[in-house]
Amino acid sequence: MARRANGDGTYIHILPIKCHNCKEFSGCPIKGDTEKRCRKRDVGEHWVYQYYVRDINGKTMRKALQAKTRRQLEKRVELLRMGTSSTDTDAVTVGQWCDMWVEKILPNTVKKSTLAFYKNLIKYSSSIRKKRLSRLSVLDLQGLYSDLLAHGGKDGKSLSPTTVRSFRATLITCFDQAVEHGYLTVNVAKKSKPPMKTEKEVSYLTQEQIQKLLDVVDSAAFVSPYDATIDDPARQYNIRQVSMVIRLALATGMRRGEIFGLTWDRVDFDKRTVRIDRNLQGGRLETPKTSYSVRTISVDADTVERLRAWQEYQKQFADEMGDLYCNPAGLLFSNSWGNPVNMSSFRSRVFVPVVAAAGLPDTVTMHSLRHTHATQLLAAGVDAKTVSARLGHSSVAF
């Protein structure tokens, strides 16, 4: 047995051992008989190289290479040293790497909303989590995409091509990090083919549809926000707020999170502008993901006057509610307690009933109002670059 330098591993020379019963190196009649404790070895003389590595969690593991001669073994050891570090990269599974990526690499490098987005998508990798990362193939991924399209959604329902494409994009980002850290040599997700896009018409409203929508919110001809009685002040506050939210969305093309994250100190009534530098995400005011989203946009005179009236009404409502209403952030739009609006609840309990009451297609969403604003600007002859900047896009291509 010969040793290498400290930390380099150990070369061990293995010699055949005679069977204690038959005194033979081979052909033992009681091979495998545990009761008689046969110690015969089928393998002949060979060399073993033992070394230690750490798994992805830092736990030390013993590994071994073997060959018939020491010279052959030394060549294998040389290749091992060239291709790996002190971490056993070959043993890391897809699930271990994905967990490492979202729990240790991504935090504090991306926004919380982005991290939550990645976590939500990476869960679709469940069927390949136990597979070794280094042995993952393009065929494995293509099969996974097909399974997700067929029954990857809730209750075994099909998953949309858009979601599967987003999942593939997440894998590409995840595996790029694996390549960078030495766990992969090639990003197989990049070599995989995404599902074909489905043709989906970008929804926007005609002038007639806009008027129907505004008539419904102005007359409160839809299911009451949060199911209170008609004379309840909180209900009246919520109804009037719906009208202002929709009008502001149509007038500015702001994103949903930007609208509900807007504060009064960002509104300049004299200059008729709105400063957009925060958005509501997960109930908190966050800075935008990109610098392009930070912008100051002009607002038409009619919308400005409606905002003035809404501000006065909000102050009156706060005085009427007393200590029950507290809006320390100075939000333009809040719930009846002064807290940030729950955007998911607003969509399902307010906007969807409004769309239904207006007789509009169920494909109309809050984002449709943003598309409508952009369409109106382009139809009025505003150039695409100006429209792109107003909407906070990073590229005119959007």
Side-chain angles (χ1 to χ4, degrees), residues 97-126 148 152-154 159-177 189 194 202 245 248-249 252-263 265-266 274-297 327-335 338-352 365-371 373-374 388-395 397-398:
W97 173 253
C98 289
D99 291 343
M100 172 71 75
W101 183 61
V102 297
E103 293 173 6
K104 297 185 179 180
I105 296 178
L106 283 183
N108 302 317
T109 65
V110 297
K111 288 186 174 295
K112 291 181 179 179
S113 57
T114 304
L115 179 60
F117 176 76
Y118 283 142
K119 283 184 175 180
N120 184 58
L121 285 173
I122 209 69
K123 68 182 181 182
Y124 293 119
S125 64
S126 58
L148 292 177
K154 188 176 181 181
L159 208 59
S160 71
T162 300
T163 302
V164 178
R165 290 175 69 92
S166 296
F167 168 62
R168 174 182 175 270
T170 300
L171 286 183
I172 289 176
T173 305
C174 177
F175 292 167
D176 271 344
Q177 291 284 308
V202 177
V245 166
L248 186 62
T252 62
M254 293 169 64
R255 300 178 177 93
R256 183 181 62 167
E258 294 171 342
I259 291 175
F260 289 113
L262 193 61
T263 53
D265 59 351
R266 264 60 175 180
V274 171
R275 177 67 175 172
I276 304 168
D277 56 7
R278 292 177 296 182
N279 58 60
L280 187 65
Q281 293 289 340
R284 297 181 180 180
L285 294 179
E286 303 281 355
T287 55
K289 292 182 180 179
T290 68
S291 59
Y292 299 98
S293 295
V294 178
R295 61 203 189 278
T296 299
I297 60 175
N327 182 6
L331 294 166
L332 265 72
F333 307 113
S334 68
N335 63 17
N339 298 321
V341 172
N342 184 314
M343 293 188 291
S344 295
S345 180
F346 182 88
R347 179 193 64 80
S348 61
R349 301 179 64 184
V350 178
F351 194 78
V352 170
T365 65
M366 279 286 291
H367 207 71
S368 301
L369 308 184
R370 179 170 164 86
H371 291 161
H373 179 70
S388 175
R390 182 176 175 85
L391 296 178
H393 285 156
S394 60
S395 169
F398 279 104

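In this chain, residues are counted from 1 in sequence order.
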Trainee: Sequence neighbours left out, what passes side-chain hydrogen bond (donor to acceptor under 3.5 Å, both in side chains) with Asp265? Give chain and number order.
Mentor: Thr263

Trainee: Among all residues two or more places apart in sequence or in another chain, which pass the side-chain hydrogen bond (donor to acceptor under 3.5 Å, both in side chains) test with Arg284?
Mentor: none

Trainee: Tabulate below the donor-acceptor pairs under 3.5 Å that side-chain atoms of residues 159-175 make, not counting sequence neighbours, or state none.
Mentor:
from   : atom 1 : to     : atom 2 : distance (Å)
Ser160 : OG     : Thr163 : N      : 3.2
Ser160 : OG     : Thr163 : OG1    : 2.9
Arg165 : NH1    : Pro195 : O      : 2.6
Ser166 : OG     : Thr162 : O      : 3.0
Arg168 : NE     : Ser192 : O      : 3.2
Arg168 : NE     : Ser192 : OG     : 3.2
Arg168 : NH2    : Ser192 : O      : 2.9
Thr170 : OG1    : Ser166 : O      : 2.9
Thr173 : OG1    : Ala169 : O      : 3.1

Trainee: Examine distances only and state if a side-chain atom of Arg266 and a backbone atom of Ile276 form a donor-acceptor pair shorter than 3.5 Å.
Mentor: no

Trainee: With side chain to side chain contact (heavy atoms under 4.5 Å, CB included) as the test, pick out the partner of Pro340 among Leu285, Leu280, Asn335.
Mentor: Leu280

Trainee: Distance from Leu262 atom CG to Met254 atom CE, nearest 0.5 Å?
Mentor: 4.5 Å

Trainee: On a heavy-atom basis, which atom in Leu369 and which in Ala249 lie closest, and how many Å separate them?
Mentor: CD1-CB, 3.7 Å

Trainee: Check whether any side-chain heavy atom of Phe260 sits under 4.5 Å from a side-chain heavy atom of Val245, and report yes or no.
Mentor: yes

Trainee: Name all residues meeting the side-chain hydrogen bond (donor to acceptor under 3.5 Å, both in side chains) criterion together with Lys111; count only those two or more places apart in sequence or in a different chain, and write none if there are none.
Mentor: Thr287

Trainee: In chain order, what residues pass the side chain to side chain contact (heavy atoms under 4.5 Å, CB included) check against Thr290, with sequence neighbours excluded?
Mentor: Tyr292, Ser293

Trainee: Rounded at 0.5 Å granularity, tell me how far NZ in Lys119 sits from CG in Asp99.
Mentor: 10.0 Å

Trainee: Minimum heavy-atom separation for Asn342 and Ser345, please, with both atom names.
Mentor: OD1-N, 3.0 Å

Trainee: Could you tell me which residues satisfy side chain to side chain contact (heavy atoms under 4.5 Å, CB included) with Val110, sequence neighbours excluded, listed by chain and number?
Mentor: Leu106, Thr114, Leu115

Trainee: Judged by atom type as modelled, is there a donor-acceptor pair below 3.5 Å linking the side chain of Arg347 to the main-chain atoms of Met366?
Mentor: no

Trainee: Heavy atoms only: give me the nearest Leu331-Gly338 pair and the separation to one decimal.
Mentor: CD1-O, 4.5 Å

Trainee: What is the minimum heavy-atom distance between Ser125 and Ile122, and which atoms define it?
Mentor: OG-O, 2.6 Å

Trainee: The criterion is salt bridge (Lys or Arg N to Asp or Glu O under 4.0 Å); which residues satisfy it with Arg255, sequence neighbours excluded?
Mentor: Glu258

Trainee: Taking all non-hydrogen atoms of both residues into account, name the closest pair between Gln281 and Ser113 and its distance.
Mentor: OE1-CB, 3.8 Å

Trainee: Evaluate the side-chain proximity of Val294 to Arg275: yes if any heavy-atom separation is below 4.5 Å, no if none is.
Mentor: yes

Trainee: Among residues at least two apart in sequence or on other chains, which ones pass side-chain hydrogen bond (donor to acceptor under 3.5 Å, both in side chains) with Arg256?
Mentor: none

Trainee: Would you please name every residue forming a ring-ring contact (aromatic ring centres under 6.0 Å, His included) with Tyr118, sequence neighbours left out?
Mentor: Trp101

Trainee: Find the distance between NE2 (His373) and OG (Ser368) and round it off to the nearest 0.5 Å.
Mentor: 14.5 Å

